[in-house]
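All remarks here apply to the structure that follows.
Remember, it's a predicted structure, so these values are computed and weren't measured experimentally. Side-chain atoms are counted along with the backbone in the values below, which use heavy atoms only and exclude waters and symmetry mates.
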Amino acid sequence: MVREGVRPNVYTYSSVLRSCNGMSDVRMIHCGIFKEGLESDVFVRSALIDVFAKLGEPDDALSVFDEMVTGDAIVWNSIIAGFAQNNKSDEALKLFKRMKRAGFLAEQATLTSVLRACTGLALLELGMQVHVHIFKYDQDLILNNALVDMYCKSGSLEDARRVFRNMKERDVISWSTMISGLAQNGYSQEALKLFESMKASGTKPNYITIVGVLFACSHAGLLEDGWYYFRSMKKLYGIDPVREHYGCMIDLLGKAGKLDDAVKLLNEMECEPDAVTWRTLLGACRVQGNMVLAEYAAKKVIELDPEDAGTYTLLSNIYANSQKWDSVEEIRTRMRDIGIKKEPGCSWIEVNKQIHAFIIGDKSHPKIVEVNKKLNELIHRLIGIGYVPETNFVLQDLEGEQMEESLRHHSEKLALAFGLITLPIGKVIRIRKNLRICGDCHVFFKLAAKLENRSIVIRDPIRYHHFQDGKCSCGDYW
DNA sequence: GAGGGCGACC
């Protein structure tokens, strides 16, 4: 078209942008847009924002957005969605506030992105506020799907079930979201029952649905069921197993203590195992206490994901435990050389729509004195009922937090103490954490839930822990 | 003649 001398217009550009596959395509087209002086058109702009975000470059999307003098609601939706899709939930929520200040009303698409941001941050209260605003879009399928996901990821299963039940229309995403959500929160049997209802409803499962089903099996240690679904998925649903399915099975086998079978399956995979696959095996070795295989798996993880600080620490702990001090030193040097920094442990808790952050070793929270007092008192009372601080961390501490600070004050314990002094009795304490929970905190929370007669939910980067009455929904496998 | 939103293994 350009060769033949036809000048592209705003319609051409907004269509062509959506078919870009890489940044080089977009940059070329972006130049053309400037050359034609079409950069201020809202359609072109929203297409640009959209494509930058889809390619994982939300900051480029933001520059396009910020150059805008006049915009419309869609451009706002595009930029908010761009950050929400790239897991930059904070930024998405900030932009949403800016949007409201600028006088734009939130529509369905806006609210879906806002919900996704709440989901990312496990902000149940804010998510519920959004829920109130969407009653007028009662039967919007995508919004309802996002709501179900938000409630599941905030550990509020009652609400998730209610929204799901009241949906008049459900698609494969609705079912898959609810199945995975139930499984992640420890309701495996319910998840599998729901899968049966899904089939009865006539909705065809896709490969993500099966990931949820296998995850449910792995979560509950249902070895037979897991094998059945895994082996029959191709025949029954025409779905070829991919890495995620293998991952669930490796987890399931590992949980059942069948590490040999897990390794065998890993070696039989049609696709290459990735860092997540090896981390799955590593997790199984950790729970089974198999240090030899753990060392092997950890090396593989680092090979495939050299930035993974937690695994370096775990490997170094394994070496330290077997007195291989040269290897310990080697790892430390390597971490220094590549510039691997351990992220400090941080926990968040939402109280009265305010987010409170607790960072290990940080004393800036205004209530830190009371929090420490409450925590010390709690530790004392827990010791009274048999709590013994866990000091053998070789395979228990996934992120190496205790190396830096006393485990007495891991961030989730601070958040818990704060929750106990601020949230009314009977209210569930919900905490989100940036690092995996360690073995000591896990024991601590089980006992604290019992002693304080509280439900406590912790969402770490990959697992959900519902502590109640001395038990955890993860069944001590995480 | 054109635009945005939802689910998945560690």
By the 4.0 Å heavy-atom rule, please label [X] as base, sugar-phosphate, or nothing.
X: A/R45; value: nothing
X: A/Q85; value: sugar-phosphate
X: A/A81; value: sugar-phosphate
X: A/T110; value: base
X: A/Y13; value: nothing

OP1 or OP2 of [N] less than 4.0 angstrom from a side-chain nitrogen or oxygen of [X], does that happen here?
X: A/R116; N: B/dG7; result: yes
X: A/K54; N: B/dG5; result: yes
X: A/K153; N: B/dA8; result: yes
X: A/R18; N: B/dG4; result: yes
X: A/Q184; N: B/dC9; result: yes

(message) Do A/I74 and A/S78 make a side-chain contact, defined as non-hydrogen atoms from C-beta onward lying under 4.5 Å apart?
(response) yes
(request) Mark this stacking check for A/F215 against B/dA8 as yes or no, applying ring centres under 5.5 Å and ring planes under 30°. (result) no
(message) Would you say that more than 12 heavy atoms from the other residues, nucleotides or ligands in this model lie under 6.0 Å from the CG of A/N21, or not?
(response)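 12 or below, so no.
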(message) By nearest atom, which of the nucleotides B/dA2, B/dC10, B/dC9 is closest to the A/R463 side chain?
(response)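 Of all the options, the side chain of A/R463 is nearest to B/dC10.
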(request) Determine, for A/Y477 and A/R463, whether the Lys NZ or Arg CZ falls below 6.0 Å from the six-membered ring centre while staying within 45 degrees of the axis. (result)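 Judged by the rule, A/R463 and A/Y477 form no cation-pi pair.
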(request) Report yes or no: do A/D60 and A/S63 form a side-chain donor-acceptor pair below 3.5 Å? (result) no
